[in-house]
Asks: 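One structure coming up, written as structure tokens, with questions to follow.
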There are 2 protein chains.
Amino acid sequence: MRESTVKDRILDTASRLFYDQGYHVTGINQIIEEADIARASLYNHFPSKTDLLLAYLDRTHIEWFVALDNYLAPFATAREKLIALFDFRIGRQKRLRYKGCHFNKITAETSTDEEVFKRVKMHKERLRQYIRALVKEAGHRGLLEDDVLADTFLLLMEGGIVLGAMFRSSEDAEKAKRIAESLL
Amino acid sequence: MRESTVKDRILDTASRLFYDQGYHVTGINQIIEEADIARASLYNHFPSKTDLLLAYLDRTHIEWFVALDNYLAPFATAREKLIALFDFRIGRQKRLRYKGCHFNKITAETSTDEEVFKRVKMHKERLRQYIRALVKEAGHRGLLEDDVLADTFLLLMEGGIVLGAMFRSSEDAEKAKRIAESLL
DNA sequence: GTCTATAAAATGATAGAC
DNA sequence: GTCTATCATTTTATAGAC
């Protein structure tokens, strides 16, 4: 535990700044200053700023689904879990001050790095499958086919988060939730 | 016409780079080089890089709705226009190589500038009202209330575009269109 | 492994000639 | 209004002492 605290402090600080301010606008200088570590310590643990970015994305992906599993655990049925998934994202949206999805943010900032894209796709594809499994298990009014309904939920959800970032409000995500309920 | 070509070339080049690469990653140096103008000419027309960004957003907003009006003009009914609105965005998405919404991109890169936020909100709010007016005029199956249906369309649309940027595909926007059709 | 000091390049912006 | 030359900072990254 003790010996890894420097590396952790670097990644914690970088993650916070990458998300709050943006990746390109965050300089190595600010990271080492706020993490209170030496310049060369950063490069000892992370060969380049890009490596630090990839580590941030990897950890965010893992933590995201762990947090989701924990959040959904108390709910008994797949139907309840599906609605709770909207609440999960609305809660995060508020806590993170409407800055939106980590993976959307980095996509919007990055044009060429395939390693970044790979991680973004993996994250969203896993969410898509997660929703599909829940819809399949839930059963519903049959208004739409299973996979179409799952896609609808994903579209509504992502739309709600991205509009939330632009309006700095959860209104659209709350609407998305209500619409999802009415389709289930 | 002639005397404004320098200013136009600056804004054209900056717009292209801001969108393709990102705002913060695009330097003044690259803009003046690719626009083939002198450093001080840029600062003569635009007092700062931020002013150039705001000019880019203002022009994009105007051009966006002009292009939309032109695209929808041939369609007779509000119902057709609503579906065509999805096609409009899908067409742009493909032409712009799946880089997503200009206003989402700058939101994801900007954390503090209120002048930027103001323009983003204005753009999306106008789209929201645009859709509402069409839904009101279209009439529909009554599955959802008018404004709820309009919000659903906006959510589906934005979800489709943002997923399109992350997967570099129009699949999700196409799905959004089909779902919208089934709700109309 | 962590540190200080420094390098080489790029950043946004300005001065002053024409 | 456009130009060249230059400014002070800041950028990512490395060298070498401890």
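Proteins come first, then strands; the chains are lettered A, B, ... in the order of their sequence lines, and each starts at number 1.
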Asks: From CD1 of B/I28 over to P of D/dA5, roughly how many Å is that when rounded to an integer?
Replies: 20 Å
Asks: How many whole angstroms separate atom CZ of B/F46 from atom P of D/dT2?
Replies: 11 Å
Asks: Tell me whether A/K81 forms a cation-pi arrangement with A/Y130, defined as NZ or CZ under 6.0 Å from the six-membered ring centre and within 45 degrees of its axis.
Replies: no
Asks: What is the separation between atom CD on B/E33 and atom C1' on D/dC3, rounded to the nearest whole Å?
Replies: 16 Å
Asks: Taking only N and O in the side chain of A/H45, is any of them less than 4.0 Å away from OP1 or OP2 of C/dT2?
Replies: yes
Asks: How many whole angstroms separate atom CG of A/L42 from atom C1' of D/dT11?
Replies: 14 Å
Asks: Mind calculating the distance between CD (B/Q30) and P (C/dA10) to the nearest angstrom?
Replies: 12 Å
Asks: Would you mind telling me which residue lines up with the more 5' stretch of DNA chain C, A/D36 or B/Y23, judged by nearest nucleotide?
Replies: A/D36
Asks: B/R9 CZ to D/dT2 P: how many Å, rounded?
Replies: 9 Å
Asks: With nearest nucleotide decided by heavy atoms, which residue, A/A40 or A/G27, maps closer to the 5′ end of DNA chain D?
Replies: A/G27
Asks: Could you tell me whether the side chain of B/K99 reaches within less than 4.5 Å of the side chain of A/S111, counting heavy atoms only?
Replies: no
Asks: Assess A/R126 against A/F65: is NZ or CZ under 6.0 Å from the centre of the six-membered ring, and within 45 degrees of the ring's axis?
Replies: yes
Asks: Which nucleotide sits closest to the side chain of B/N44: C/dT2, D/dT11, D/dT2?
Replies: D/dT2
Asks: Within the structure, does a side-chain N or O atom of A/N29 lie under 4.0 Å from either OP1 or OP2 of D/dT11?
Replies: yes
Asks: Could A/R128 and B/F167 be counted as a cation-pi pair, given that NZ or CZ must be under 6.0 Å from the ring centre and within 45° of the axis?
Replies: yes
Asks: Nearest-Å distance, CD1 (A/I10) to C1' (C/dC3)?
Replies: 13 Å
Asks: Starting the side chain at C-beta, find the nucleotide from D/dT2, D/dT10, C/dT4 nearest to B/V6.
Replies: D/dT2
Asks: What nucleic acid atoms does A/T26 come within less than 4.0 Å of, heavy atoms only: base, sugar-phosphate, or nothing?
Replies: sugar-phosphate
Asks: Any side-chain N or O of B/S41 below 4.0 angstrom from OP1/OP2 of D/dC3?
Replies: yes
Asks: For B/F153, is the NZ or CZ atom of B/K177 found under 6.0 angstrom from the centre of its six-membered ring and inside 45 degrees of the ring axis?
Replies: no
Asks: Whole angstrom is fine here: how far is it from CD1 in B/I31 over to P in C/dG12?
Replies: 7 Å
